[in-house]
Amino acid sequence: MSAQFKAAASYQQLSRRIQQQIARARDREQFAVTVYRFDEDDPTAWDRMLGEFEELDYVSVSRVGVAEALITWNAAEAEAAS
């Protein structure tokens, strides 16, 4: 298995896990979630995923060390962007 394929798979798994956490928070009408990078997560995929969140106008990412981040969002702006 190529390193590029492994990195893509790792990114997809990480992204799916974080999206599920965000969806559960939104279902509870919460507008923040703390996410963690697990040991098996690719650090490059982690940085890429957080970087993509940081590019969204209605999202704020506060990195806490190398393996934890607080993601917050403005619900009204997020809905308008959908």
> Rounded to the nearest 0.5 Å, what separates atom CD in Q19 from atom CE in M49?
8.5 Å

> Run the side-chain contact (heavy atoms from CB on, under 4.5 Å) test on I18 and F53 for me, step by step, so that the C-alpha distance in whole Å, both residues' side-chain angles and the decisive distance to 0.1 Å come before the verdict.
CA-CA 11 Å; I18 301 306; F53 278 113; 4.0 Å; yes

> Roughly how far apart are E40 CD and S10 OG, rounded to 0.5 Å?
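One finds 8.5 Å between CD of E40 and OG of S10.
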
> D57 versus V59: any side-chain heavy-atom pair under 4.5 Å?
no

> Give me the one residue out of D41, D42, V35 that meets side chain to side chain contact (heavy atoms under 4.5 Å, CB included) with L14.
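That would be D41; it is the only one of D41, D42, V35 passing the side chain to side chain contact (heavy atoms under 4.5 Å, CB included) with L14.
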
> For Y11, does the six-membered ring have the charged nitrogen or CZ of R48 within the cation-pi criterion, i.e. under 6.0 angstrom from the centroid and within 45° of the normal?
yes

> Report the C-alpha distance between W73 and V33 in whole Å, list the side-chain angles of each, state the deciding distance to 0.1 Å, and finish with yes or no for side-chain contact (heavy atoms from CB on, under 4.5 Å).
CA-CA 9 Å; W73 59 92; V33 65; 4.0 Å; yes

> Taking the side chain as everything from C-beta on, heavy atoms only, tell me whether I71 gets closer than 4.5 Å to F31.
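A side-chain contact under 4.5 Å is absent here.
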
> Determine whether D47 and R63 satisfy the following criterion, salt bridge (charged side-chain N to carboxylate O under 4.0 Å, His left out), listing intermediate values before the conclusion.
CA-CA 10 Å; D47 287 336; R63 296 180 188 230; 3.1 Å; yes

